[in-house]
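Hydrogens, waters and symmetry mates play no part in the numbers below; they use all other heavy atoms, side chains included.
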Amino acid sequence: MAIEMPRGLPFAVDTFGPYTSTKRRKRHHFLTHAHKDHTVGISPSNIVFPIYSTSLTISLLLQRQPQLDESFFVRIEIGLSLIVDDLDGEFKVTAFDANHCPGAVMFLFEGSFGNILHTGDCRLTHDCLQSLPEKYVGKRLGEAPKCCLDYIFLDCTFGKSSHRFPSKHSAIIQIINCIWNHPDAPVVYLACDMLGQEDVLLEVSKTFGSKIYVDKATNFECFKSLMVIVPEVVTEDPSSRFHIFRGFPKLYERASAKLAEARSKLQSEPLIIRPSAQWYVCDDEDYSESGSQIQKQRKVRFSEAVKDEFGIWHVCYSMHSSREELESAMQLLSPKWVVSTVPSCRAMELNYVKRNCFISRFSPDDPFWKLLDIDMEVSPVAAVDTQTVTLSCCLMSEELTLDSVNSKLVPVIESSSMKKQLLSLSPEKNLPISLFGRARLSSQESDHQLHERKVIHTQCVYTKTSLELEKPNPKEVVESLQDDTKEETVSFSSCSSSKESCKDLSGDLRKLYRSMNAPVPRPLPSLMDLMNARKRSRNHLSF
DNA sequence: GCGATCAGCT
DNA sequence: CACAGCTGATCGC
């Protein structure tokens, strides 16, 4: 899952259009790693070259999509920098190991827009941080680095997970121990067919002196990428004790079937190991209502493999940072602003962000404003001009609506007058408007006060040109704090806290919200009924 | 008819 | 729940 970069930046990371307007097309594209959800949109028909990425990521991508051409890509390797020419002045980009999967990198951009770290997907361990330029990393917790990053686009995938994850190395040792503890298992199935689990295979292979069988016929893509990354561990001989087990689909069903088959034949059971953090983050949140008894009964240990009710052994092998790792990384890096690259604005839940990221921190000449395409040189304008578009108008034309959160939406004057409005805010008096996520409060405000704050609600600011009348071009999503309401915090983020997903808005609008690091609101249930009824009647007609 | 995107699922 | 990814339906050219 990737987010669009703010409009003021000339580059995109892990997003590849297509953009309807060439005006919006980013001039430079960067790819952090080869997982498919980060390569969506890369195709010969949508050439957005050059795409900057590591040799390994490019190789994996070319292998999967041979119709792409090498010439679309520019190689950048871990630890190396490139200077990129741009209309707005050149900038420097450096790649760093993201500790996520083979070829995965974080990008550090340094230019007139500021110093920006985009982590892609990452597991931000201490070692990982130490590979960043010294000036950006504090020597110890609480000690500011010599140079502050302006923004971090941060992988907060497991930002909610309060558990301490074992290191990848430790997880691999757990896997090896688990295998040692099952000498009678005739076959060891490793659910490791995903890019990023190769080290598990490598270490198992080295420890037990055996290659690992990959079924070329049913798992060709995995076979191909293993032949690029760790060819020395792969065998096509099914008599090997170690087999790759597909993680999808229906892992549990297939695993149960394997075990049942052995039992029915009175054979020793095979050993099935799934190295993934997914199983461990399940009971992280408050599932007291929806969570099954099975979940409650789980006595999860992170220090050794755990067998579940289906007979699968789990080891917490995580390719993303835990909350603890993120907090610690943010403290050492002390960025001015943090944006989550995953939806639900999970960055806002980090203590570091709650305590340190507020808009009042930015002076009028800070590049922050430029990043958001907000021009500080504002000329006086009429209160209402011809560019004003109301939300209701946009929504009608899109056949979409926002949910009750937005029922208080008011028309907002676009562009310059809006900017002026924003900029005229005095931090003390009218706090706070934030441009990303939940409004950030002043640093003096305690967590308790923070909690007492009132409803935050969303305003969408749209620009209009004659061309874009049909498809409004939402420009900025801002939040404002309403002082006269009594509700406790954040109806705005109701979506992210809700257990339901936010799948009810059209893709375009969803992308917009995500790019602003704002949770996607859901239409009113009544509207959903209408939309569904319309869908049903349409389906009916087609018969 | 094809590729891109979305919905739904695990 | 949700990683990354699959399948099948639908959309749009």
Interatomic distance where [atom1] belongs to [X] and [atom2] belongs to [N] [whole Å]:
| X | N | atom1 | atom2 | answer |
| --- | --- | --- | --- | --- |
| A/H314 | B/dT10 | NE2 | C1' | 13 Å |
| A/M194 | B/dT10 | CE | P | 19 Å |
| A/I312 | B/dT10 | CD1 | C1' | 12 Å |
| A/H33 | C/dA4 | NE2 | P | 6 Å |
| A/H35 | C/dA4 | NE2 | P | 6 Å |
| A/Y317 | C/dA4 | OH | C1' | 15 Å |
| A/R246 | C/dA4 | CZ | P | 17 Å |
| A/E253 | C/dC6 | CD | P | 18 Å |

Between the side chains of A/E304 and A/R301, is the shortest nitrogen-to-carboxylate-oxygen separation below 4.0 Å, so that they form an ion pair? yes
Between A/E203 and A/K168 (salt bridge meaning N to carboxylate O under 4.0 Å), is one present in this structure? no
Between [options], which one does the side chain of [X] approach most closely?
| X | options | answer |
| --- | --- | --- |
| A/F248 | C/dC3, C/dG5, B/dT5 | C/dG5 |
| A/D37 | C/dA4, C/dC3, B/dA4 | C/dA4 |
| A/K36 | C/dC6, B/dA4, C/dA4 | C/dC6 |
| A/Q278 | C/dA2, C/dA4, B/dT5 | C/dA2 |

Heavy atoms under 4.0 Å, any strand shown: does A/S318 hit a base, just sugar-phosphate, or nothing? nothing
Could you check whether A/H100 gets within reach of a base, just the sugar-phosphate, or nothing at all, counting any heavy atom under 4.0 Å? sugar-phosphate
Residues passing the ring-ring contact (aromatic ring centres under 6.0 Å, His included) test with A/Y189, sequence neighbours excluded, are A/H243, A/F245
Sub-6.0 Å ring centroid separation between A/H29 and A/F16: yes
Looking only at side-chain N and O atoms, does A/S43 come under 4.0 Å of OP1 or OP2 in B/dG3? no
Contacts of A/S303 meeting side-chain hydrogen bond (donor to acceptor under 3.5 Å, both in side chains) (sequence neighbours excluded), chain-then-number -> none
